[in-house]
Structure formats: C-alpha cells, structure tokens
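Fair warning: this is a prediction, and the values are worked out from it, not measured in the lab. These values consider heavy atoms only, across backbone and side chains, with no hydrogens, waters or symmetry-generated copies. Each chain gets a letter, A, B and so on, in the order the sequences are listed, and its residues count up from 1.
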Amino acid sequence: MFQAPRGTADILPEEQGYWRFCRSKARETATSFGYRRIDTPLFEDARLFVRGVGELTDIVEKETYTFEDRGGDLLTLRPEGTAPVCRAYLEHGMSNLPQPVRLYYVCPAFRYERPQSGRSRQHHQFGIEVLGDGDAIIDAEVIEVAWRFLGSVGLSDLELSINSIGDGECRPQYIRTLQDHYRQHSGILCHDCTRRLEHNPLRLLDCKVDSCQPVIGGAPHSVDYLCDACDAHWSSLRGHLFALGLPYAVNHRLVRGFDYYTRTVFEVTPPVEGSQTTIVGGGRYDGLIEELGGKPTPGIGFGMGIDRVILNLKRQEVAPPEYRDTKVLVAHLGEAAKAEAVKLASKLRQAGTAALVGPAERGLRSQLRYASAIDATHAVIIGDDELAKGVVVLRDLSKSAQHEVDPDRLVQELQSAGGNGC
RNA sequence: GUGAGCGUGGUCAAGUGGUUAAGACGCCAGGUUGUGGCCCUGGAGAUCGAGGGUUCGAAUCCCUUCGCUCACCCCA
C-alpha cells in the first residue's frame, strides 16, 4: 500500500475548516494593512536559495529538496518564502513601483527534515514582505500584522520577542566580542557550542544545554554593540511597538537562522515549553535585494507556520466557525424516480443549492440515513406516488416535517426555508 | 545525522506462549411492503507492519527490516 511520503500529511475534509478559517483571516488581515497577494512558483533555480538564504545555513546545506529536471536545470523546492518574493520583485521591476511595496503570500514550503510534532517536510506559510522602506515604523507594522492575525484567529497568551543583531557595520565587532567571551569558557562548553563558536557564533546564544547557561548569561548583548544608525532604529522600533500596545519582550538570545537578517529580528511563541514552538519568525534583511543583484533596497518580513497556528488553535480549543448551508439529498424509489432524481438534483444545483442524489440500489430508509450522515438539511423524496401526482415530497430534516411540493416550485421553497445560518 | 518509544479490521483498542484473535466506534442490512438522527438485531471486514528464528505450539520471546511517533540538531 502506498502511504503519503514521510513528513507529509493529507488534510482531510474534517480538517479543512481550520485551514479555510486561517487562510481567510490571513487574507483579511494582510489586505487590511494594504498588502497585495503574490504567488511564486513551488520551485526555483537552486542558486536563488544558496545566495538568498545562505550557503552555510542548515536549510541550504542539508534540508533542501533539490533536483535536476529533464532539461538539466538545477531546481529547488522552495524552503521559505522571502527569497522567491525578492526575486519576483527584481524580475518584475517592482523597484519602479511606488515604494514601499507590500506583499503577502500563503503557500507550502519544503524542507528535508526529520518530522516531529509541529515540523514536517511540507508545511504551509503565511508570509508578508515589505520592500523599499527601511524605517522602523515598517518593522513595527510587520510585527503588528503578525500579532493582529494571531489575535483574529483567537490565539492568546502568546509571547512576542524582539532583538536587534545589527548590520554589516556593527555586527562583526559584536561577533568578535562574543567569540572572545566564549573562548574564555571553552572548557565547559557543550559539544555543539564548541562547533558553533567558529561555525555559527550567533547560534551560541540559544543553546539549551544546562552547562552552557552560565556562559550565555554572561555573554555580551548585541544591542550594546549597535552602531549609531542601528541603535536609533532599535529604539525607534521599541517606541512604535509601545505606542501600538504590542507587549514585546526583548530577548538578547534571539537570533535567526538565515544569513540575510539585519537589525530587527523577532518571533512569536506560545507559552508551552518544548521544542518546535515558534509560530512566527521574521526580521529585517536590508542586504538581501542587493545580494540578489538589485540595487541596495531595504526589506523586512515574516514567515508564519499555519500548521503550527492550527496546532495551537487545537491546544487552546479554539474551533473554527462552522458553515452550514442548505444541502439537499434527493431520495428516489424505482427506476423512473431515479431518473427524475438525477434531473431534479441537477436543477437544484444550477439554481445554486447544493444537492446530491441518494445512493442507488438502496431503500428509502437507507437513503435518509445517508442524508443525516452527510448533514443534509433537506431531503426530497420521489417515488411512484409522487410521479403519478406530479409532485415531490420536501422534508426538512431538522424539523422532521414534510409536505408535497410542485417540482417547479422546489427551488423557491428551499430558498424561503433558507439554511440554518452559520 | 543522533537517541527513545510504538506498530492488532477503516478508527480506537483488549490480549504478555496454548483450541475458531475480545470489545467499542464506523460501515452495510433488517426491525418500518416508501421516511433519517435515538434504540434493537444481524452481517461484512484482521495473512496481529514485513521477513527470519526459538518452540510441540508465537499477536505474545529473539534477530533483522520497514513504518509511525516523540525528542535532539535546526526551524515555520
């Protein structure tokens, strides 16, 4: 038997309510801030992510789905949304549009990882990007979009963490200071941190091993090493967040996995301890567009894991709204009635009412049982008696009441009966 | 890449060496010669993940393998 590939999952009909809910809230929130939707291809030139995300990141080093197509092109299934959007911005000359350009997307992303709770090989991201404006009001806006979205779906008790990791001007010196600090304690570092010290020094800060905690505790803070411009940006951001009433916490240990981040980084996590908890991660990437061949252009955005949002909705027992529209099952008895049922169901659908024909070769009782099972609101019954009289029976399944109707008036009757609302 | 736990009908799940592998939900039928949701009765549906071994006898013990889950790494 075939199974869905490891790390992938079917989203079954019972689950779709959550997805429809999240997607529509994402669209509503993003458009209310003036963002416009963009869809980029599922796969891109493999080099885009090497350049954009960073050659030495785990994602590019060992997590991409990369393959050669039949024409010999090397392609990669998108592992994240920012680099493709920046590519599109450049390819379509969006730098000539009024700046800044605000874009959002909802799309799947792929990473070859060992799956676990909240992490799979195909996940879905709601993301936004603002290109062409480096002011801190944009940073605050992007964070606000994430925060408002999460509120709109009903998640509460979330924690918003922010930090600034400086830019090309000031970060190198900070990293040197950080490494110096760590080298003084190299004796007690865990295995991973010994590696990180040379390979990915910023990552030293979010090591979870107990023995490394004292070293982290004494580590210098990146915000204390910001150059004047970055420092001004940083305090401006905090001022705007405060003014907007967003309850942020400065986390000096917050760093992010992509090479392209500059200045602001942020994430939102739920209050549960554990591992794969980050719901939203984002930050500023003022060097990325240039890295991809454009002129220097500031940018900032976030990626949000919809799968993780839904995980938390379930954890907090937030149910998506239910939609219950009129749905008619046309039950039939006998060959002549069966043919009539097919025609009648078709007519109902064309008039805009969901309708389906009862399962053939079954008794009326079975057909009505089926009607209940699929949440039909009404049943139409056609048998020899009705055919002879030129009527059909319309049964309201929620009220258990029925009456005969002229088939030509059926659409009208159903409309006046209406659905049960939401 | 590393570590741990778990694989029994569609789903959940009992069974821990001894005749035809419980039960529940779901599915189908009947109870109502044409009337659902509740209830009652009956039925279908499992080579106990796969392969090998131990044994008179294996779902049960051992080995291998595949899969799933969780955690680490890392990330949404």
Side-chain angles (χ1 to χ4, degrees), chain A residues 1-9 12 14 22 53 56-64 78-82 106-127 146 150 190-193 195-196 199-200 203 206-209 255-258 267-270 273-282 301-312 329 331-334 337 358-359 361-387 392-402:
Chain A
M1 281 264 278
F2 286 107
Q3 282 176 284
R6 162 173 285 198
T8 67
L12 299 173
E14 306 84 81
C22 287
V53 178
L56 294 179
T57 56
D58 274 19
I59 289 184
V60 167
E61 233 177 308
K62 51 191 194 195
E63 294 179 1
T64 51
R78 134 182 92 214
E80 57 97 43
T82 300
V106 176
C107 67
F110 304 85
R111 294 178 198 171
Y112 185 84
E113 305 184 270
R114 285 287 288 271
Q116 71 186 74
S117 178
R119 189 177 70 188
S120 54
R121 290 184 174 181
Q122 174 178 1
H123 71 280
H124 302 78
Q125 288 196 14
F126 162 40
L150 293 167
C190 71
H191 173 74
D192 285 332
C193 281
R195 232 188 52 228
R196 289 186 186 112
H199 172 257
N200 195 356
R203 281 268 149 224
D206 59 3
C207 179
K208 291 168 197 111
V209 176
V255 295
R256 302 211 47 80
F258 304 143
E267 67 180 30
V268 178
T269 50
E273 68 285 2
S275 49
Q276 311 306 320
T277 58
T278 304
I279 297 177
V280 190
F302 69 68
M304 170 163 353
I306 300 178
D307 313 68
R308 289 184 183 176
V309 169
I310 291 174
L311 207 61
N312 282 280
L329 183 109
H332 49 86
L333 292 132
E361 316 304 329
R362 295 218 208 152
L364 179 60
R365 180 230 274 275
S366 172
Q367 292 185 59
L368 288 173
R369 277 184 176 159
Y370 184 74
S372 292
I374 61 165
D375 281 324
T377 54
H378 300 265
V380 166
I381 300 166
I382 313 176
D384 292 338
D385 300 351
E386 287 75 16
L387 286 177
V392 298
V393 169
L394 174 60
R395 180 174 180 82
D396 183 325
L397 292 171
S398 60
K399 297 188 184 119
S400 295
Q402 65 184 47

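Residue E386(A) is in base contact, counting any heavy-atom pair closer than 4.0 Å across all strands shown. Across all strands shown, I279(A) has heavy atoms under 4.0 Å from sugar-phosphate atoms exclusively, and none from any base. Residue contacts shown for V309(A) are absent, as no nucleic acid heavy atom lies under 4.0 Å away. Backbone-only contact: E63(A) has heavy atoms under 4.0 Å from sugar-phosphate atoms and none from a base. T269(A) comes within contact range of no nucleotide atom at all, as no heavy-atom separation falls under 4.0 Å. Across all strands, D385(A) comes closer than 4.0 Å to base atoms (heavy-atom distances). Counting non-hydrogen atoms under 4.0 angstrom, G118(A) reaches a base of the nucleic acid.
Taking atom CD of E113(A) as the reference point, atom P of U2(B) lies 16 Å away to the nearest angstrom.
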Checklist entry - Could you write out RNA chain B as a dot-bracket string, with dots for unpaired bases, | for bases paired across to another strand, and Watson-Crick or G-U pairs counted at under 3.5 Å? => result ((((((((.[[[..)..(....]]].(((((.......))))).....[[[[[..)....]]]]])))))))....
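Rounded to a whole angstrom, the distance from the P atom of C40(B) to that of G45(B) is 24 Å. When the C1' atom is used for both A44(B) and C25(B), the distance is 16 Å, rounded to whole Å. Taking the P atom of each, U65(B) and C28(B) are spaced 43 Å apart, rounded to whole Å. A distance of about 15 Å separates the P atoms of C66(B) and G51(B), rounded to the whole Å. The gap from the P atom of A22(B) to that of U64(B) amounts to 32 Å, rounded to the nearest Å. Between the C1' atoms of A50(B) and A58(B), the separation comes to 16 Å (whole Å). When the P atom is used for both C70(B) and C12(B), the distance is 14 Å, rounded to whole Å. Taking atom P in both G67(B) and G30(B), one finds a spacing of 44 Å when rounded to whole Å.
Considering only side-chain N and O atoms, T278(A) lies nowhere under 4.0 angstrom from the phosphate OP1 or OP2 of C75(B). Applying the 4.0 Å criterion to OP1 and OP2 of G37(B), one finds that R369(A) has a side-chain N or O inside that range.
Out of U35(B), C27(B), G3(B), the shortest distance to the side chain of R114(A) is found at G3(B). Comparing G34(B), C75(B), G36(B) by their closest approach to the side chain of S400(A) singles out G36(B). Nearest to the side-chain atoms of Q116(A) among the listed nucleotides C70(B), C75(B), G34(B) stands C70(B). Distances were taken from every side-chain heavy atom of Q3(A) (C-beta onward) to each of A71(B), C75(B), G67(B); the shortest belongs to G67(B). Distances from the side chain of I59(A) to the nucleotides C70(B), C68(B), C75(B) place C75(B) closest. Comparing U35(B), C28(B), G31(B) by their closest approach to the side chain of R365(A) singles out G31(B).
For the side chain to side chain donor-acceptor pair (under 3.5 Å) test, no residue two or more places apart in sequence or in another chain qualifies with R111(A). Among residues two or more places apart in sequence or in another chain, the ring pair (Phe, Tyr, Trp, His ring centres under 6.0 Å) test is passed with F302(A) by F126(A). Listed by chain and number, the residues in a side chain to side chain contact (heavy atoms under 4.5 Å, CB included) with S372(A) amount to none (sequence neighbours excluded). Partners of E361(A) by side chain to side chain donor-acceptor pair (under 3.5 Å), not counting sequence neighbours, listed by chain and number: K338(A). Partners of T64(A) by side chain to side chain donor-acceptor pair (under 3.5 Å), not counting sequence neighbours, listed by chain and number: T66(A).
For Q367(A) against U35(B), a side-chain-to-base donor-acceptor contact under 3.5 Å is absent. The base of G37(B) is not paired with the side chain of S372(A) by any donor and acceptor separated by under 3.5 Å. At a cut-off of 3.5 angstrom, the base of G36(B) holds at least one donor-acceptor pair with the side chain of R395(A).
Side-chain atoms of R308(A) come within 3.5 Å of backbone atoms of G118(A) as a donor-acceptor pair (strictly under, hydrogens ignored).
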Next on the checklist: Pair D384(A), L333(A) - check side-chain contact (heavy atoms from CB on, under 4.5 Å), show working.
Outcome noted: CA-CA 7 Å; D384(A) 292 338; L333(A) 292 132; over 6 Å; no
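Summary of the strand contacts: G7(A) and V280(A) both lie near RNA chain B, and taking for each the nucleotide with the nearest heavy atom, the more 5' one is attributed to G7(A).
Contact of the E80(A) side chain with the I59(A) side chain is not registered, since no non-hydrogen atoms from C-beta on lie closer than 4.5 Å.
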